[in-house]
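Here is the structure we will look at, set down as structure tokens.
A quick note: this is a predicted structure, and the numbers were derived from the prediction, not measured. Worth knowing before you read on, the calculation uses all heavy atoms, side chains too, and leaves out hydrogens, waters and symmetry mates. Per chain, numbering begins at 1; letters A, B, ... match sequence-line order.
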There are 2 protein chains.
Amino acid sequence: MINGNKRPTIYDVARHAGVSITTVSRVLNDPGRVNPETRRKILASIDALGFVPKAEARARAMQKNGRIGVVTPFFTAPSFVQRLRGIATVLSSKNFELVIYPVYSADHLQRYLSTLPLTGNLDGLIVLSLPVNDEEAERLIRHNLPTVLIEYPHPALNCVEIDDVEGGRMAANYLLSKGHRRIAFLGDTDLPEYAIHPVSLRLSGFRQALKEAGIDLPEAFVRLAPYTQEQTRQVAKELLELPEPPTAIFAATDFQALGVLKAARQLGVEVPGQLAVIGFDDLDMAEYADLTTISQHLDESGKLAVEILFAQLESPSRLPRHVKLPLTLIERKTA
Amino acid sequence: MINGNKRPTIYDVARHAGVSITTVSRVLNDPGRVNPETRRKILASIDALGFVPKAEARARAMQKNGRIGVVTPFFTAPSFVQRLRGIATVLSSKNFELVIYPVYSADHLQRYLSTLPLTGNLDGLIVLSLPVNDEEAERLIRHNLPTVLIEYPHPALNCVEIDDVEGGRMAANYLLSKGHRRIAFLGDTDLPEYAIHPVSLRLSGFRQALKEAGIDLPEAFVRLAPYTQEQTRQVAKELLELPEPPTAIFAATDFQALGVLKAARQLGVEVPGQLAVIGFDDLDMAEYADLTTISQHLDESGKLAVEILFAQLESPSRLPRHVKLPLTLIERKTA
DNA sequence: ATAAAAGGTGAAAGTGCTTTCATCAGTTGT
DNA sequence: ACAACTGATGAAAGCACTTTCACCTTTTAT
């Protein structure tokens, strides 16, 4: 190939065939008007250069395939991945494209939300664990972009919600039923402003349930750590080294529960003998760690979101649906 | 409405909002650079007029679609996710869309590979751990779709490779250096035909190194299990219950190494005292489990792939580049 | 032979958008 | 008080095509 560079344009074809671009264009759009002789020459050049009129290809491609966008806090946390998995499964079976928009900042989110309905070329949108305000919601609706929010409620949009408060209660009640009285909570520090914070809700349910049972939750038993294994472990260690350490810890996410388990291992604290640990999420790895936890059916919620989305695609005038997925306590070996 | 029919253009919006088209364009493409006040005004105008930028004009002006595709075996395995993470990070910083094509069967793969260059509307493609044959490669090239293969070599395409054989050797040599002589291998069963199987390569390197050291690898010490925690655990248990069990196990992936650890825990086998375990991948969770493993720099490899892709986008005539990422042994506490 | 119509082609003016570069008003540093 | 930035904006130059219009040959009709 003589020309190594770039995709050929109509100009290249024109030059190659010794005609003007006008004529080339006509061969493509109105072949009747061009001399058969010239036409053949041009067609030959088109083949030789492998010229593909771009605009056409694009329009066709954009029209033909369905595209669903997923806006997600950058999928560092395993729980996002697992939800994404549910989404991908259904989407692919329906032959829809999956476009991912990772969010790294509030700015990012804002930008996607205002821009996607316009330039995104999407048939539908799923927003994962991110806050959508009224203005943004209204814009999504006005631009007819069917949307499902996961883990964040908005009256005007479809939502798949988790009852985090209830989850906190479940954890508390379970530990209470096992006879624990000195129970601590370990959550993550506030996420950056752009994400939502279900962990606080879990804490509040947890606190409520304890209170109802007449159990005190001292401030020293409520600890937050950044969402990393190492820092969580450190904080868990501090909890366990208290003069009167808790006999049970509710970790607001499985990922952090693993940090707690690690701390216990290092300190030689026996689980569940000396310390009960319960998590939240039921990640894949919870099973590996034999972690007792509260499952929020991550894969399920992803699938469900897609299904709601498709339902709305079919009847766009449907009222927004709000679904609350049940939580399940999975009893394994750490509590 | 004053304006007759016709879809509104960026000019209409600009006029309506009392700004220049430049600023309107910026609201769509780089909202950060425009004053929030102005931005809101413009967004309001956009909504009022129902403006939708024409995708075709857009792509023409940009000389790109701003979309890159990733074909991946359905991302159930954590290692894919982690690579994807690297990819997503770079992509998003360059303002490109990430389109995911999950592959569930050989058929699927074949279909993507043949249709994406035509209708995919992509600027580039990344293929994750999937085999691409000559015919498919040729088509990708003919249609000018810059492509990077990860974990699968092809002479005509860019590749980011892992030296799995060397990885196997590293594992073997490390365990040998620790004085182990009875060393077992635990891999996953063959993946479905559509995926490639680096695990066999790891095994062969492992075997070689042992052989060179004059150590025997009895068939009973080479075990395969489906890629699930439970089944892996079962097989590991069988290994450990052998009359003369191994003193070290090389698990071909971290995920499976965790299964081994679990089996050991359940049998009361002390790690690393009675049993050394080494994995492969260095997943996030490897750190949690204190797993000694061979890191293949998953995030890195994803990033690298994107960078190679962009390099090719800039100079399309470049020869395909083949990069072999180094492996690193991460010594933690299980071996 | 001669005007009129037809056939074929190219120069150039759109098309709707992005992006570079210049401008200009405010800040900040000294 | 004055140079040196910074942030926000617009004018204008692309981008890859399509379309209009004017031009030049040929044919055909008279």
Side-chain angles (χ1 to χ4, degrees), chain A residues 3 5-46 49-62 107 111 114-121, chain B residues 3-46 49-67 94-97 121 123 144 313-314 316:
Chain A
N3 164 4
N5 266 16
K6 288 287 172 192
R7 271 156 85 152
T9 76
I10 200 171
Y11 288 88
D12 300 319
V13 177
R15 200 175 320 117
H16 187 273
V19 297
S20 81
I21 58 163
T22 310
T23 311
V24 177
S25 171
R26 260 195 286 264
V27 168
L28 266 23
N29 300 302
D30 195 355
R33 243 173 228 150
V34 60
N35 185 307
E37 186 61 28
T38 322
R39 191 195 313 155
R40 203 173 30 238
K41 216 169 50 189
I42 294 178
L43 283 175
S45 296
I46 286 180
L49 300 184
F51 168 73
V52 179
K54 285 189 202 167
E56 236 174 286
R58 118 144 338 76
R60 223 177 307 139
M62 286 303 202
D107 215 56
R111 166 188 176 166
S114 63
T115 243
L116 283 184
L118 304 176
T119 66
N121 249 271
Chain B
N3 168 358
N5 40 6
K6 282 287 172 193
R7 271 169 52 176
T9 75
I10 199 171
Y11 289 89
D12 301 320
V13 177
R15 200 173 320 114
H16 187 275
V19 297
S20 79
I21 57 162
T22 309
T23 310
V24 177
S25 170
R26 261 195 286 261
V27 167
L28 264 27
N29 299 296
D30 198 354
R33 277 213 230 304
V34 45
N35 186 308
E37 186 64 28
T38 319
R39 192 197 309 157
R40 211 180 10 248
K41 215 169 51 189
I42 295 178
L43 282 175
S45 296
I46 287 179
L49 301 183
F51 166 68
V52 178
K54 274 184 133 184
E56 183 225 310
R58 201 152 189 265
R60 187 197 326 138
M62 296 202 278
Q63 319 213 70
K64 65 177 191 198
N65 294 301
R67 293 160 36 88
K94 305 227 182 192
N95 234 319
F96 268 68
E97 269 185 4
N121 239 271
D123 295 309
N144 295 305
L313 282 181
E314 266 152 42

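Note that CZ of R26(B) and OG of S20(B) are 7.0 Å apart. Values are rounded to the nearest 0.5 Å. One distance of note links OG1 of T115(A) with CG of L43(B); it measures 8.0 Å at 0.5 Å rounding. Distance check: T9(A) OG1 to I21(A) CD1 gives 8.5 Å after rounding to the nearest 0.5 Å. Atoms CZ and CG, from R111(A) and N29(B) in turn, are 7.5 Å apart once rounded to the nearest 0.5 Å. The CZ atom of F51(A) sits 11.0 Å away from the CD1 atom of I42(A) when rounded to the nearest 0.5 Å.
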Filtered N/O pairs between nucleotides 11-13 of chain D and protein, under 3.5 Å:
residue, atom, partner, partner atom, Å
dA11(D), N7, T22(B), OG1, 3.4
dA11(D), N6, T22(B), OG1, 3.0

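The side chain to side chain donor-acceptor pair (under 3.5 Å) check on D30(B) picks up R33(B), with sequence neighbours excluded. Residues meeting the side chain to side chain donor-acceptor pair (under 3.5 Å) test with R15(A), sequence neighbours left out: none.
The distance between atom CG of D12(A) and atom C1' of dC17(D), rounded to the nearest whole Å, is 13 Å. Separating the CZ atom of R60(B) from the P atom of dA16(D) is a distance of 9 Å, rounded to the nearest angstrom. Atoms CZ (R15(B)) and C1' (dG10(D)) sit 16 Å apart, rounded to a whole Å. We find that CG of L49(A) is positioned 15 Å from P of dA16(D), with the value rounded to whole Å. Protein atom CD1 of I42(B) is 13 Å distant from nucleotide atom P of dA8(D), rounded to whole Å.
For DNA chain D, the neighbouring residues in residues 27-36 of chain B, judged by any heavy atom under 4.0 Å, are V34(B), N35(B).
When side chains are defined from C-beta on, L28(A) counts as touching I46(A), because their heavy atoms get closer than 4.5 Å. Side-chain contact between I10(B) and P53(B): absent, with no pair of heavy atoms (C-beta onward) separated by less than 4.5 Å. Looking at S25(B) and T22(B), their side chains never come closer than 4.5 Å, going by heavy atoms from C-beta outward. Counting heavy atoms from C-beta on, the side chains of V13(A) and V27(A) never come closer than 4.5 Å.
Of the charged side-chain nitrogens involved, none lies within less than 4.0 Å of a carboxylate oxygen, so that E37(A) and K41(A) do not count as a salt-bridged pair.
In this structure, the side chain of R67(B) engages the main chain of N121(B) through a donor-acceptor pair within 3.5 Å.
Among the duplex regions that DNA chain C forms, those built from at least three successive Watson-Crick or G-U pairs under 3.5 Å are C:1-30 with D:1-30, ordered by first number.
Bracketed by its first and final contacts, the part of DNA chain C lying under 4.0 Å from non-hydrogen atoms of chain A reaches from dG8(C) to dA12(C) in 5' to 3' order.
OP1 and OP2 of dT9(D) both lie 4.0 Å or more from every side-chain N or O belonging to T23(B).
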